[in-house]
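Below, chains carry the letters A, B, ... as their sequence lines are ordered, and counting in each starts from 1.
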Amino acid sequence: MGILSDLFQHMGLGFSVALTPVNLLFCFIGVTLGTIIGALPGLGSVTGVAILLPLTFGMDPTTAIIMLAGIYYGVMYGGTISSILLNTPGDAAVVVSAIEGYPMARQGRAGAAFSMNALASFAGGTFGTIMLTAAAPAFAHAALRFGPPEYFSLMILGMASLIGLAGSNPIKGLIMTAFGFLLATVGVDAGRGVLRFTYDSVYMMTGINFLPVAIGMFGMGEVLYQMEDVVDLDILKTKIRLKTLLPTMADWVRSRMAIVRGSIIGFLVGVLPGAGATIASFLAYATEVKMTKHPEDIGKGAIEGLAAPEAANNAAAAGALVPMMTLGVPGSGTTAVLLGAFMMYGLQPGPLLFKDHPKLAWGLIASMYIGNVMLVILNTVFIPVFVCVLKMPQAILMPLILVLTVVGSYTLGNNMMDVGVMVIFGVIGYIAKKFNYPAAPLILGLVLGPITEVNFVRSASLAQGDLTIFFTRPLSLALLLGALLSLVFPLIKILFVRIRGLRR
Amino acid sequence: MYFKKGFRTGLISLAMVLVFAGFACAETIEFVVPWSAGGGSDTMARFLVKSIRDNKLTDADFVVANKPGGNGQIGSAYVVNKKGRDNVWMTLSSGQISVPLAGLGKIKATDFTALAQIAGDVNLLVVSKDSPFKSVADVAKAAKANPGKLNVGGSATAAEDHICTYLLGKATGTKMNYTAFSGGGEVMSNLLGGHIDVAWANPNECIGQVKGGLARMLAVTTEDRLALLPDVPSFKELGYNMVFWQVRGVHGPPNMSKESIAWSVDLLKKATETDTWQKEYLTGKVLTSRFIPGADYTKVIKENEEMFREALGSMGLLKE
Amino acid sequence: MRRADIAGGLITILFGIFAISQAAQIDYWWKFGPGPGFLPLWASIVMVFGGCLLLIQALRKPKQDKHRPKDPQQIKRIGNVAAVAGLTVLTAVGMVYLGFSIAIFLFVALMIHMLGKYRWYITLSMALFISLAFYISFAKWLQVPLPEGIFGF
């Protein structure tokens, strides 16, 4: 009982802080800015928070941090808008949402996709915040048990689950995955400090960033593909129809468990200091690819494949605050910037934060409940506005998307290299789509490849060459066994069906 | 219907052109940060600009331009190409000195016009609360007993933390095993999780954990104790011959004009004397106040480069 | 699809062999296990392997191209795609020399002219509006340092 009454007392304090008019206003400004920054390709949560950070000085620290955090989780909602509408992901954490979200929009179900995004994001964000409220220190300490070998094994588990992504032709999926891994090795090898495939170019040294690749493959590739139909160069007809604004009952039933799974995976992965919302969304999607009852719909607008990663990236955003607030260790790029913000206000995130600054800590957590409510309203009310974009004449929408992809990839690093990468992969994306090579495995290899490799190198270095480290650590072994299970699971399923058939 | 308003739109657009032509006229200084938004250099640049703006030290405006990638080499290449231009600044941190020496790039810190060092950062040797090591002597003893077995963590290869590991090994006559992580946050969580034995950290990366009782600082790399951390001994006073300062400075493109150098140094000096800089930035980020202008700063960079060259050479990582 | 898959398989094999030749130059092993050349080498070997599988799969498919009606518009379709892709590349290059705003203005104007049949002043004012909206929101509000050309904006 003591714990519960403590909790109520803390939340009471938190809401008394978060519900003051000023904090409500800045919470609203934060989540709105986050939605906008997220929806613009290229500008992500890290950049958004970093740019606004110096401008918040002179404000009350609690108010400032409530606003900056609002930008962070607002981006998770907003980024999906451009993923669904334009097939051009607005932030790294929503890349995977384009895989199912955009086909939904093409089928005239953009409204349903937006509603599902708002609801799944809300569920994930709120779930994450509840866990943050209830058991942050316990999760933070558990997360510390994840060392390099565990991250490596987790990535193997993620990849094993993603085998189902290959699409209609598994051979083409295999080729694209290997291509993704190969591209991921371009640049400075982080673990060993060696240059690979750089050919003396400063730009190649940076490596191939996966966001411009995703923007090119998805966004520009799709526009080029549509150009094929413009045979007469006549006024294009609006091809994206608008049937419904709301998901059907069947959609809810399909997505129910996906949201639950996505929220749990998202939060757990978000808490890990070496992962983050991007990895969380990929792993949640991978799980759905494995678990779905409609495998034939994957990649063609399966709503559960949109709901799960959306729940996951929002839960991960809340999860990433767990190690930051309780241990003072940032769980993602954006929380690293937020950590800097705390320190500049003379606040010390870490074990003493909740004790020394209860008003700020609990006020921030309470504001996240309120912010999520604001976001779900904002993202539902404006659905007709988002959908209006699709009613624009194609002759204007198409150049607009292309300009967004160019500007978006430029703003990532303010250099032309990323624009070049985007355009090259735009053309590759068109060819891939035309000849049925799936884009998702390539993006996957680019995202998971570097983390897998660098954690392998670190594990080997820590164990000083003893590679059994992956099997002698219980957590790592369990994850690897999980990967094995996920590989044989489909076989067992087939076997099970056969046995049942024989009995009959 | 939709486009009947086209003509009106045209007129409005024309008016907007005039407005933004007006915007473009003001004198702006492009402040290049060769690292990504939110990092140490980026925070420094944004606070420097804030110190200048809030205290109205000049009429000129600043745009912070992050050009990350290639271990700082992309931004550096951009600034080198602005040779002779007066309205470009660039942040410099120690990584930009060591990277070209490790063969990871061609542009050296000495290629630029050194304006001033505006802050100093130091390294701390840290252990977690459960560690058996109570002092640097304990660490040295353990390293001596099992050569090459003690796991030291830090961020990046061939950069500050790696070099400090070498310097400590040299000062204690031992050999340790260094593992690189990406960023101070990852180093700390691996230290707290017991995956590494000791770690290097900047004060702002570990002060939260130390105050919260999760970690302990064993020693600092400065000559004397830091005013902010009076309980932490320096390696020097413990009898280990190692001193390491991390540079944070501002540079201009090659061949910057004399007037511009003088103007910039003067502005930087004024900015670093403001309350905004001293209180909000330095204290907040637990940095040390250090201002070394012009020729003296050039010397600091050269000395640092020599030290890195010697260290990387001994570590077998020198690839000029 | 059969011919395309044969071509795809061959391209993959050739690219994979090139990647193997490059990856083989990087250290395969270092003091603590697999080295920096390990992953790229195996990734390229898998590419060659996948390319071979694709080639075999395609060659085993029956030829049926003869019966398929030829798409008379095929060249025109590809031409459109190439035109748009080329225009995007030109715009990206143009951004460096002409500056962001002018390059984007020209791009949007040309695209709208190509795709839609609007009167010239509507096309131009739409292009002007879009490029200005981008300039003001990115360069002025979000403080993104967009490339400046010879005209200074």
Highest number of heavy-atom pairs under 4.5 Å with chain A: which of C/A43, C/P40, C/A85, C/A4?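 Between C/A43, C/P40, C/A85, C/A4, the count favours C/P40.
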Please rank C/I78, C/L54, C/V108 by heavy-atom pairs under 4.5 Å with chain A and give me the top one.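 So the answer, after comparing C/I78, C/L54, C/V108, is C/L54.
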Is the C/F100 to C/F138 ring centre distance short of 6.0 Å?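 Between C/F138 and C/F100, which both carry aromatic rings, the centre distance is not below 6.0 Å.
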Check: C/F15 ring centroid to A/F179 ring centroid under 6.0 Å: yes
Among A/T405, A/V223, A/N87, side chain to side chain contact (heavy atoms under 4.5 Å, CB included) partner for A/F218: A/N87
Please state whether the side chain, the backbone, both or neither of [X] comes within less than 4.5 Å of a heavy atom of chain C.
X: A/L224; result: both
X: A/L404; result: both
X: A/Q464; result: both
X: A/M220; result: side chain

Would you kindly say whether C/Q22 and A/Y199 are connected by a side-chain donor-acceptor distance under 3.5 Å? yes
Considering all heavy atoms of both residues, which atom of A/S461 and which atom of C/F32 are nearest to each other, and what is their separation?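 It is CA-CD1, 3.5 Å.
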A/M204 and A/V186, any side-chain heavy atoms less than 4.5 Å apart: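 SC-SC contact between A/V186 and A/M204 confirmed.
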Tell me, for C/A23 versus chain A, whether the close heavy atoms (under 4.5 Å) come from the side chain, the backbone, both or neither.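 C/A23 touches chain A through backbone and side-chain heavy atoms alike.
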Count the heavy-atom pairs under 4.5 Å between each of A/G180, A/P399, A/A184 and chain C, then report the option with the highest count.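 Of A/G180, A/P399, A/A184, A/P399 has the most heavy-atom pairs under 4.5 Å with chain C.
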Do you know which of A/F197, A/Y225, A/F456 has the most heavy-atom pairs with chain C at a distance under 4.5 angstrom? A/F197
